Amino acid sequence: MNNYLKALLTGLAIVVPLSTPAIAETLRWSSAGDVISYDPNAQVDSFTQSVQHMVFDPLVRRNKDLKLEPALATSWEVIEPTRWRFKLRQGVKFHEGQSFNADDVVATIQRQIDPGARNRENLSAVVGVEKVDDYTVDLILRGAYPLLLNDLAAIYMMSKPWMEAHDALKPGNTTTGVVTYASNHANGTGPFKLAAYEPDSKSVFAVNEGWWDKPQHNLTEVEFRPIASDATRVAALLSGELDMIAPVPLQDIDRIENTEGLKVAQNPSLREIFLVPSFRPELHAMPGKPNPLLDVKVRQALWHALDMNTIQKRLMRGKSRVSGMLVAPEVTGYDASIDVPLAYDVDKAKALLTEAGYPEGFKVGLGCSNDRYIADEQICLAIASMWAKVGVEVDLSTESKTTYFPRTDKGEFDIYLLGWASLPPMDGYSVLQALLATNDGTFGGSNANGLSNPEIDKLARSAAVELDEPKRIQMLKDAFRITHDQVLYLPLHQQPVAWAMSDKVEIPQFADEYVRPWFAQVK
Amino acid sequence: MIRILSVRLLQAILVMIAVTAIAFIMFRFVGDPVAAMVREGATQAEKDALRATLGLDRPLVMQFVEFLGRVLQGDLGTSYRYQQPVVSLLLTRLPATLELVFVATIMALAAGIPLGVLCALKPKAALSRLTQSLTLVGISMPTFVTGLLLILVFAVNLRWLPSSGRGDLVDLGVWKTGFLTLSGLKSLILPSITLALFQLTLIMRLVRSEMIDVLSSDYIRFAFARGLPRRYIYGRLALRNALMPVVTVTGLQIGQLVAFAIVTETVFQWPGMGLLFTNAVGYPDVPVLSAYLLFVGFLFVVINMIVDILYTFIDPRLRTQ
């Protein structure tokens with residue numbers, strides 16, 4: 001009898017802890033857009049990339065503080081400036097059972113830098129990859145390059161035997177319409193397995209019990225459903241069909257916060273919003289006359305005339321952060337002493353304009369999107385009336401992002417609104433290279449308004465190859481200081497990221513707007 | 001007869017060529033797909049390379065001739081966003097839209113005909129008046145408002161029905177259907193009511209006026225005079241004749257339903273062709289936009305052609321013209 005009891009108790013002791021996690025904890029969340037493809041090389045969309053991260057692991061990843069940490073690579077060293085050696089994690093298995101090793105990394109990197117990969121520029125510094133042994137890989141770089149780890153955090157490791165078995169070693173191609181098996185299926189090493197994928201309907205993820213990392217979540221399943229209409233997405237949360245929506249429309253925040261059982265989490269995101277002045281000889285609004293924006297005093301006057309606190313309180317409902325530079329505090333190269341906006345001062349703005357020779361003001365065109373950034377159209381309307389107070393007449397044009405951005409690229413606006421998140425590298429060099437450097441070759445890809453500053457160009461080119469981190473950061477800061485002092489751009493604010501969720505859900509929010517369910521707890 | 005048919009066919013072909021040209025020209029102006037496709041921080045060289053691979057750097061006329069050539073071969077291009085041939089993309093979305101349109105049509109007929117008869121027979125009854133004024137509201141309210149109101153009442157407040165999506169589907173090979181699961185059927189209700197409402201109003205009003213017309217005709221009066229049972233007169237004699245135009249209009253309205261489905265599908269995240277279209281507008285996914293316009297144009301041309309031909313068969317006077 002006693003033995004029976006003992007056996008029974010022992011049995012219970014084994015069964016009970018095993019049976020507890022069997023209760024299904026599902027996180028059902030929704031966003032406005034859907035995953036475009038599960039092929040990590042087929043797109044450049046950062047939302048798609050964020051969802052793919054549930055299935056795939058990179059060699060290095062971002063931790064809860066968005067700092068880089070080892071993932072599938074455990075350590076790395078720079079052997080020569082053009083050769084980085086990575087030690088790989090052992091004992092990692094893909095979802096379908098294949099073991100992870102150097103062959104997978106070689107195949108993945110080759111797929112990534114294949115001329116047919118849509119996002120090959122996300123790893124543009126790498127020209128080759130060599131296997132050293134089963135768990136050591138060398139990446140060969142074009143030249144010295146400081147941001148390799150930042151880039152690698154967005155490169156997801158795929159299984160070579162799996163790609164071979166499904167004829168997916170080459171990435172899909174948009175022009176020829178090549179769809180590979182990897183477009184609709186995913187086999188990674190990540191915390192969740194892709195169990196079902198129906199475009200525009202849902203993606204279902206099952207938990208990966210064999211994940212190499214210690215799970216910090218208690219989920220057994222994640223269901224992602226895209227809902228494009230803001231009102232429907234909010235309704236689905238209110239009706240209890242969803243546990244979380246990201247993002248939540250700003251106008252619905254109050255209503256959701258006042259609903260029992262729901263809460264809203266909001267923080268400034270990485271995305272900075274700013275105005276881009278024209279540095280060309282003439283303005284479109286005043287043909288045949290010299291461009292007043294070329295005078296730094298005029299640019300300072302325009303900044304002094306911006307009442308950003310009112311915009312922050314009224315239009316952004318107190319959720320944005322007024323800023324003075326083009327990168328957020330989380331981004332490398334940020335400097336609090338530079339991040340100081342020029343004070344709102346109408347008299348000073350008028351005085352500066354008079355000094356510059358425009359006592360009566362002038363006419364200028366302002367371009368704005370109306371469906372890309374939070375309250376973008378309203379912000380521009382507000383700015384137009386603020387500038388009118390100092391005598392600057394604004395010819396405002398607002399339009400959809402689909403026609404707006406091609407026009408900004410062609411330089412069709414005298415001043416235009418732009419947002420920048422410095423993603424994926426999350427490094428100030430992104431701004432330096434794309435926005436501040438003169439438009440020329442691989443530099444200034446989004447500098448479409450004629451800005452050209454030799455000092456900044458020099459800094460951009462030296463920061464691109466500087467491996468000494470403190471030195472490199474100083475170069476970024478120097479460039480940002482020039483930008484601020486010369487008012488090369490007019491920073492407005494950091495826009496917020498807002499998620500709404502059931503109060504049963506605990507999930508950290510990130511400034512890069514990635515939803516990371518592997519940190520989620522559902523009660 | 002053959003001459004009439006061939007003229008009609010020629011007209012249809014001309015209309016389709018015009019639609020193709022409009023589709024092509026119009027969507028060159030909805031925006032630059034390159035801007036949506038490149039990553040943040042892309043260099044000018046990257047953008048130019050993408051533009052070249054998409055064939056957007058060549059003269060417009062060349063692009064149109066090639067576009068026309070490919071359309072004639074049944075190749076509508078590759079979606080920029082989904083990276084799939086547009087034809088197969090449309091075909092995977094077709095079942096969702098067709099099921100929605102089908103259920104909405106059934107609903108509109110099932111409710112519209114009896115209500116129309118009721119309003120014709122008892123125009124002064126309270127129920128008839130209520131129906132008349134309610135359908136007036138129904139016809140003048142924008143589809144998305146109707147949809148959101150239904151969501152608010154039945155999904156958010158009562159929690160009876162899901163607010164979006166198609167629910168669980170059963171895969172029958174080429175056709176994924178929501179008809180065979182409970183959640184699939186529940187998901188159908190709100191979007192089909194939204195889509196059916198306009199149809200319902202139209203059918204109700206048409207049946208009512210036709211019915212009033214028929215009831216005042218001589219043969220009905222004779223039927224009453226002969227003492228035939230009321231049910232027989234209303235049901236067999238009057239309604240049958242009143243339904244002829246209803247059938248025609250319902251047929252023609254299927255094209256309208258597909259068009260209205262764009263709004264309904266967006267509100268309810270219904271993964272059909274309409275949702276594909278709205279998502280394509282924002283991207284902008286030009287091949288999908290062009291293909292959708294061609295598809296809808298084709299649908300209308302075919303329906304109109306069939307109706308015209310049927311009319312010539314039914315009414316001999318049209319043949320002699």
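Quick note on labels: first sequence line is chain A, next is B, and so on, each numbered from 1. Because only heavy atoms are used, hydrogens play no part in the values below, and waters and symmetry mates are left out as well, while side chains stay in. No experiment lies behind these values; they were computed from the predicted model shown.
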Quiz prompt | More than 12 heavy atoms from other groups under 6.0 Å of CZ on B/F64 | solution = yes

Self-check item: Inter-chain contacts: residues 89-98 of chain B against chain A, heavy atoms under 4.5 Å
Solution: B/R93

Quiz item: Stepwise, does the side chain to side chain contact (heavy atoms under 4.5 Å, CB included) test hold for B/T266 with A/T232?
Solution: CA-CA 9 Å; B/T266 309; A/T232 311; over 6 Å; no

Exercise. Could you tell me whether the side chain of A/V234 reaches within less than 4.5 Å of the side chain of B/V156, counting heavy atoms only?
Key: no

Quiz prompt | Greater than 12 external heavy atoms within 6.0 Å of A/Y181's OH | solution = yes

Quiz item: When heavy-atom pairs shorter than 4.5 Å are enumerated against chain B, which of A/K202, A/E241, A/K401 gives the highest number?
Solution: A/E241

Quiz item: When rounded to the nearest 0.5 angstrom, what is the spacing between CG in A/L238 and CD1 in B/I151?
Solution: 11.0 Å

Quiz item: Do B/P271 and A/E198 touch side chain to side chain, with heavy atoms closer than 4.5 Å?
Solution: no

Quiz item: Side chains of B/R166 and A/S201: donor-acceptor distance under 3.5 Å anywhere?
Solution: no

Exercise. For A/R225 and B/S164, indicate whether the former's side chain and the latter's backbone hold a donor-acceptor pair under 3.5 Å.
Key: yes

Exercise. Decide if atom OH of A/Y373 counts as having more than 12 heavy atoms of other residues, nucleotides or ligands within a radius under 6.0 Å.
Key: yes

Quiz item: For A/D34, is it the side chain, the backbone, both, or neither that has a heavy atom closer than 4.5 Å to a heavy atom of chain B?
Solution: both

Practice problem: For chain B, find which of A/P199, A/S46, A/G33 contributes the most heavy-atom pairs closer than 4.5 angstrom. | Solution: A/P199

Exercise. Kindly compute the distance separating CD1 (A/I227) from OG (B/S163), expressed to the nearest 0.5 Å.
Key: 5.5 Å

Quiz item: For atom CZ of B/R70, is the number of surrounding heavy atoms from other residues, nucleotides or ligands below 6.0 Å larger than 12?
Solution: yes

Quiz item: Would A/S229 and B/Q269 count as having a side-chain donor-acceptor pair, cut-off 3.5 Å?
Solution: no

Quiz prompt | Greatest number of heavy atom pairs closer than 4.5 Å to chain A - which of B/L152, B/L169, B/N279, B/T278 | solution = B/N279

Self-check item: Pairs involving residues 142-156 of chain B, ordered by first then second residue, that meet salt bridge (charged side-chain N to carboxylate O under 4.0 Å, His left out) (sequence neighbours left out)
Solution: none

